[in-house]
Amino acid sequence: NAGVTQTPKFRILKIGQSMTLQCTQDMNHNYMYWYRQDPGMGLKLIYYSVGAGITDKGEVPNGYNVSRSTTEDFPLRLELAAPSQTSVYFCASSDWDRNNEQFFGPGTRLTVL
Amino acid sequence: AQSVTQPDIHITVSEGASLELRCNYSYGATPYLFWYVQSPGQGLQLLLKYFSGDTLVQGIKGFEAEFKRSQSSFNLRKPSVHWSDAAEYFCAVGAGQAGTALIFGKGTTLSVSS
């Protein structure tokens with residue numbers, strides 16, 4: 001199993017541009033999450049999904065959108081990139097019987113200039 | 001509200017010395033507790049977890065952690081640190097229900113000196 005994969009690894013955007021961060025998991029997990037990590041701040045939840053077709057906001061959802069059309073994929077969309085969205089983004093997944101144990105992807109480092 | 005505090009932002013330990021990283025949590029019910037490690041430029045890897053039962057849990061890479069309910073703590077320990085342990089360490093608390101987010105501490109950066 002590849003686990004959780006994320007693309008791209010790095011990206012530089014200009015203010016106002018849009019992009020989609022891709023996340024795929026091959027463990028057949030029901031639950032998927034997007035976190036952002038800022039220096040010295042730990043990880044904060046952006047959005048999460050409890051299954052295909054169901055998504056919900058986390059702690060810091062503003063400026064982002066998600067969709068979950070399949071169990072495997074959970075893309076994160078930035079519509080109008082802002083410098084405040086410069087961060088490292090992590091996707092994670094977990095299964096219904098794993099008591100919060102989450103498996104993380106390698107991350108996407110995004111810079112907005 | 002749930003929260004996790006890691007009081008030490010940065011710790012330096014000599015190679016071969018023992019290590020203890022502190023973690024305090026705030027949670028109303030029995031917490032589900034985790035320690036993750038992040039090497040530079042990498043994702044997060046689970047070191048160990050506590051759900052219930054024995055309060056001393058063993059993890060990968062020779063790490064262990066002890067849950068102390070009376071102190072609301074879940075400190076991470078290793079008897080002898082290796083240079084490859086240099087990384088950032090995150091403590092996290094969960095509600096125990098799949099589909100809910102983890103609450104992370106701000107992390108402790110470990111440097112290992114020779």
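Order of the sequence lines sets the chain letters (A, B, ...), proteins ahead of strands, with each chain counted from 1.
Only the side chain of A:Gln37 comes within contact range of chain B, judged by heavy atoms closer than 4.5 Å.
Within 6.0 Å of the CD1 atom in A:Ile12, the count of heavy atoms belonging to other residues, nucleotides or ligands does not exceed 12.
A:Phe74 and A:Val60 fall within the same hydrophobic cluster, where Ile, Leu, Val, Met, Phe, Trp and Tyr residues are linked whenever their side-chain heavy atoms come under 4.5 Å apart, directly or through other members. Hydrophobic clustering, with ILVMFWY side chains joined whenever heavy atoms are under 4.5 angstrom apart, groups B:Tyr50 together with B:Leu21. Residues A:Tyr33 and B:Tyr32 fall within the same hydrophobic cluster, defined by Ile, Leu, Val, Met, Phe, Trp and Tyr side chains chained together at heavy-atom separations under 4.5 Å. If you chain together hydrophobic residues whose side chains sit under 4.5 Å apart, A:Tyr89 and A:Val4 never meet in one group.
The nearest pair of heavy atoms linking A:Tyr35 to B:Leu102 is OH-N, 3.2 Å. Nearest heavy-atom pair, B:Gln38 versus A:Phe90, reported as atom, atom and distance to 0.1 Å: NE2-CZ, 3.1 Å. Between B:Leu44 and A:Phe104, the shortest heavy-atom contact is O-CB, 3.7 Å.
Atom CG of A:Leu45 and atom CD1 of B:Ile103 lie 8.0 Å apart (nearest 0.5 Å).
Note on B:Gln45, B:Glu88, B:Gln42: by heavy-atom pairs under 4.5 Å with chain A, the leading option is B:Gln42.
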